[in-house]
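The chains referred to below are lettered A, B, ... by the order of the sequence lines, with proteins before strands, and numbering in each begins at 1.
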Amino acid sequence: MELLKNPAHRAWIVLMIATVITWYLGEVGAAGTTSIVAMLVIAFVKGRLVILDFMELREAPRMWRILLEGWLILVSSLILLAYWISLK
Amino acid sequence: MQFKSQAVAKPYFIAAIGLFVGQILFGLILGLQYVLGDFLFPAIPFNVARMVHTNLLIVWLLFGFMGGAYYMIPEESETELFSPKLALILFWTFLIAGALTIVGYLAVPYATLAELTGNNILETMGREFLEQPLPTKLGIVVVALGFLFNITMTVLKGKKTSISIVLLLGLWGLAVFFLFSFYNPVNVVLDKFFWWWTVHLWVEGVWELILGSFLAFVLIKTTGVDREVIEKWLYVIVTLTLITGIIGTGHHYFWIGTPEYWQWWGSIFSALEPIPFFAMTVFAFNMVNRRRREHPNKAAVLWALGTGVMAFLGAGVWGFLHTLAPVNYYTHGTQITAAHGHMAFYGAYAMVNLMMISYAMPILRGRAANSNKSQVLEMWSFWLMTVAIVFITLFLTAAGILQVWLQRVSDAPLPFMVAQDKIALFYWMREWAGAAFLIGLIIYIASFFVGGDEKEAA
Amino acid sequence: MSGAFTKSMARNIFYGGTIFFFLLFLALSFDTHSQLPKRDMRANITPQIAEGKKLWEVNNCIGCHTLMGEGAYFAPELGNVVVRYGDEGVKAFIQSRPKEGIPGRRSMPQFNFTDEQLNAIVAFLKHVNSINDANWPPNSQG
Amino acid sequence: MPEPILIPSAEAPPARRLPGDLAIWFFILAEMLAFAVFFSAYAFARASHVEEFNLYQQTLDRNLGALNTFLLITGSWFVVLAVQAAHQDKGPAIARNILLGWLCGGGFLVVKVIEYSAKFGAGISMSTNTFYMFYISLTFFHFMHVILGMVILTVLWVQARKGVYGSHDAHGLESGAAYWHMVDLLWIVLFPLVYVMR
């Protein structure tokens, strides 16, 4: 598994699998709290991989890593909040 | 003064201050008319006084921009101005055209003025801020083109610094977007749509490039911070300005017949418009803190910091207060808008011009900076005018909130004039704050005549 | 904070970003223009309405009033004035302004309009009222 | 002051470094902020139009959306490989990978145009309803970013062909790559939000 030593390759494989899962959830018509949380978690994991392994911020100054990951957390939480309101 | 031709800036600055005084006097008349409705009626009805007030504002700011550019460009380009003579000819042309226009507003009824000046050939008059008769509008175009030619040629033959390039882009944009003032279709929605291409894309677009460029220039001169550092931050700030401000035009497209999606686009992008102003404030304070020299002109530095803070408060914070569509639905076209307009124009554009004048005038008069006594007086005027505008804004905001409450939100909405009578107290307080502003302005002018010979030219 | 920060990169982003957002603005404006005919009632514009708009302009009405919320804030909103007072009410109001104003009150000048001009102004104001402006103002008081 | 207790390492850890130019990161942050506000606006607008959003979301083509996710992720991956190739001075691989990334972007545009033509052909516009307003606004805003990203990739490709980038200097390449990854990142949030989540 020489290929998997490159973080970019690993990230690509995980991103692909994650996309299939999201697409599959859509195909089976998943709806409601569990599927919303699941999809947000998947999106969060994917976004984080892009930030750390594609943008190569893993070894960047902490401030920038926090800014970008913070963006991801902020956006996911706001979306979650809005969906939570809509379920009430 | 490094170049002889920079001297042409002087008459521009003097004219700017003179017209500024006129603007404030008419502002006080308007303020009084708000509470004593028949004051000067029918000799100077409100609409005429307002036209004079706003048009003088625009013209003195333009004089300031031109003067600033004539002062700055030779120094930046390290060469004499392409044609100082052209600059002087254009100065008198613009001043006389401006004066005639104001006389026209005051001397004859507006409809007669329109008739006399050929409004029937091309109908462009009678729209807010663009009330100028056709010959004046054409005159503005001619002056602007002559001015741009002069400035551009100077830059082309000399050094092309980032500061000059940003200034040139701002000035060319100013001229280009003014052309929309000649487009006045019968369809009132289209009319308003493109009217904003002049008005919004000026004050929330290209004028901010001029503002940023002036600020960067004065900061380089007074702080001694590396040009490279200041210029790259200038680029970052003007980028932020334009990426938020251009689509931000949408905040004017909520209720004038344009599609509803503008409520989202306009709200989202204009909500981001405070960011560049905030960046500008941080930038100004940062550069002053990192200064490598103590410039003798403390007053100019004060104006530079002041314009950052006040532009952020006036344009950024007060703009944001009513820019989101659900809020704007209730506040649109009330005193809230007036409050925002006063602080934003003063904070961003009046102050940046005063900053440039404060920096350049002593040098044009043969000294690095004014005497201590004169600077103290100037700083007093800074605080008096700035505090006065803060209070004008606060009183108008209070009036606006009450107006919105009584006339728009209430279960039994009151008629416009009934609501106005109920908030008259705030208009009185605004007028007193306006009087304080005038005192500040008088002190400002006085500072030019106080002991100026203590320091030698640098 | 590390990382290089060059002026040339900042400049390129300035140009690129500006062009990008201006193009986006043009695209939105283009879409707006395709939607406007459904909202601005341009098909109903008659020469009389055009005449009314001209009178509105050459008498600088916007120097005191607002129209769809834009203008001066010294006098009432007129985009919906025909709802408030009716056609005849608007005409009667304009005609009855005293030449010397009303003592102590905000006063509107007497413009000495002919009947034809008054009809044109009312036609224009009715046209403005018919424009789909997303339900603004919130109530008839403007 | 006492010496901080550190585990001594054989060599000093590499200094933390931000790839690319600081200016591009400011721009990226500004853009991401605009999208963050747009995403939240979508989510909160949906909260007051749940049925409308759920109904019209069904009319979107999830397959094309997922295909586009594949394309952008793969495009991003190629550009990462280009940056890695630059750091290892593998000249030809730089330009080749940029080109492959560019082609993925092109594929995205083609798929998107197919999707749009079906929607516009059905007479749907930004004024149809709130859901379509957001669908078109968000995806079109993103669409333009893909185009801008491809313009940047074009410049990078030309430069790479000239042999500008290598271990001595990958500054411009890294800056452009960071922007391209942002386009990818935004779509990763946009796709589930607009196409799938309900």
Contact winner vs chain C - B:Leu36, B:Thr337, B:Thr258, heavy-atom pairs under 4.5 Å: B:Thr258
Leading residue by heavy atom contact count with chain C [cutoff under 4.5 Å; candidates B:Val35, B:Thr54, B:Asp421]: B:Asp421
Sub-6.0 Å ring centroid separation between B:Trp265 and C:Phe25: no
Max heavy-atom pair count under 4.5 Å with chain C, selected residue of B:Leu242, B:Val186, B:Ile243, B:Val189: B:Ile243
Least distance between heavy atoms, C:Arg106 atom then B:Gln33 atom: CG-O, 4.1 Å
Part of B:Met51 lying under 4.5 Å from any heavy atom of chain C: side chain
Result of checking B:Thr239, B:Val236, B:Leu234, B:Ile165 against C:Phe14 for side chain to side chain contact (heavy atoms under 4.5 Å, CB included): B:Thr239
Part of B:Ala111 lying under 4.5 Å from any heavy atom of chain C: both
Side-chain donor/acceptor of B:Arg50 to backbone N/O of C:Cys64, under 3.5 Å: no
Residue C:Gln95 excluded, over 12 heavy atoms near CD under 6.0 Å: yes
Salt-bridge criterion met for B:Asp191 and C:Lys53 (N-O under 4.0 Å): yes
Top of B:Met125, B:Gln403, B:Gln335, B:Met417 for chain C proximity - count of heavy-atom pairs under 4.5 angstrom: B:Met417
B:Asn187 vs C:Ile45 side-chain heavy atoms within contact, under 4.5 Å: yes
Heavy-atom check, side chain of C:Leu67 versus side chain of B:Lys192, under 4.5 Å: yes
Proximal component of C:His33, with respect to chain B [non-hydrogen, under 4.5 Å]: side chain
Between CZ on residue C:Arg84 and CZ on residue B:Phe416, distance to nearest 0.5 Å: 9.5 Å
Polar side-chain atom of B:Gln407 near backbone of C:Gly142 as donor-acceptor pair, under 3.5 Å: yes
Most contacts with chain B, counted as non-hydrogen pairs under 4.5 angstrom, among C:Ile49, C:Ile13, C:Thr66, C:Leu36: C:Leu36
Non-hydrogen side-chain atoms of B:Tyr235 and C:Lys7 separated by less than 4.5 Å: yes
Electrostatic pair C:Glu77-B:Arg408, nearest N-O below 4.0 angstrom: no
Side-chain donor-acceptor pair present, B:Asn184, C:Glu57, cut-off under 3.5 Å: yes
Heavy-atom check, side chain of B:Phe254 versus side chain of C:Trp136, under 4.5 Å: no
Pair C:Tyr73 and B:His340, ring centroids less than 6.0 Å apart: no
Portion of B:Leu113 that has a non-hydrogen atom of chain C nearer than 4.5 angstrom: neither
Contacting region of C:Ile102 [heavy-atom separation from chain B under 4.5 Å]: backbone
Side chain / backbone / both / neither for B:Glu131 at chain C, heavy atoms under 4.5 Å: side chain
Any B:Gln420 side-chain heavy atom under 4.5 Å of C:Phe74 side chain: no
Which atoms of C:Met41 approach chain B - backbone, side chain, both or neither, heavy atom under 4.5 Å: neither
Engaged part of B:Tyr105 at the chain C interface, taking heavy atoms whose separation is under 4.5 Å: neither
Between CG on residue B:Asn47 and CG on residue C:Asn59, distance to nearest 0.5 Å: 9.0 Å
Partner chain B: residue of C:Pro138, C:Ala10, C:Gly63 with the largest heavy-atom pair count (under 4.5 Å): C:Pro138
Heavy-atom proximity to chain C below 4.5 Å, by part of B:Pro185: backbone
CA sep, side-chain torsions, deciding dist, call: B:Arg127, C:Ile62, side chain to side chain contact (heavy atoms under 4.5 Å, CB included): CA-CA 7 Å; B:Arg127 293 174 304 148; C:Ile62 207 140; 5.7 Å; no
Atom group of C:Ser29 that falls short of 4.5 Å from chain B, counting heavy atoms: both
Largest heavy-atom contact set with chain B, pairs under 4.5 Å, which of C:Arg11, C:Met9, C:Arg39, C:Met68: C:Arg39
pair C:Pro137-B:Trp255: side-chain heavy atoms closer than 4.5 Å: no
Contact summary for C:Gly69 and B:His332, nearest pair of heavy atoms: CA-NE2, 3.3 Å
Proximal component of C:Leu26, with respect to chain B [non-hydrogen, under 4.5 Å]: side chain
Contact class of B:Glu115 relative to chain C, heavy atoms under 4.5 angstrom: neither
Chain C contact via B:Thr124 - which portion, at a heavy-atom distance below 4.5 Å: neither
Under 4.5 Å from a heavy atom of chain C, the part of B:Phe269 involved: side chain
Pair C:Lys54-B:Asn120, side-chain donor/acceptor within less than 3.5 Å: yes
Engaged part of C:Lys38 at the chain B interface, taking heavy atoms whose separation is under 4.5 Å: neither
Cation over ring face, B:Lys232 and C:Phe5, 6.0 Å, 45°: yes
C:Thr32 and B:Trp262 side chains, donor-acceptor separation under 3.5 Å: yes
Between C:Arg42, C:Glu70, C:Lys99, the one whose heavy-atom pairs under 4.5 Å with chain B are most numerous: C:Glu70
Contact check, side chains of B:Asp38 and C:Arg105, non-hydrogen atoms, under 4.5 Å: no
Interface moiety of C:Phe111 toward chain B, non-hydrogen atoms closer than 4.5 Å: neither
Heavy-atom proximity to chain B below 4.5 Å, by part of C:Asn132: both
Closest-packed option against chain B by number of heavy-atom pairs under 4.5 Å, given C:Asp40, C:Val128, C:Asn60: C:Asn60
B:Tyr261 vs C:Asp31 side-chain heavy atoms within contact, under 4.5 Å: yes
Top of C:Gly101, C:Ala72, C:Ala50 for chain B proximity - count of heavy-atom pairs under 4.5 angstrom: C:Ala72
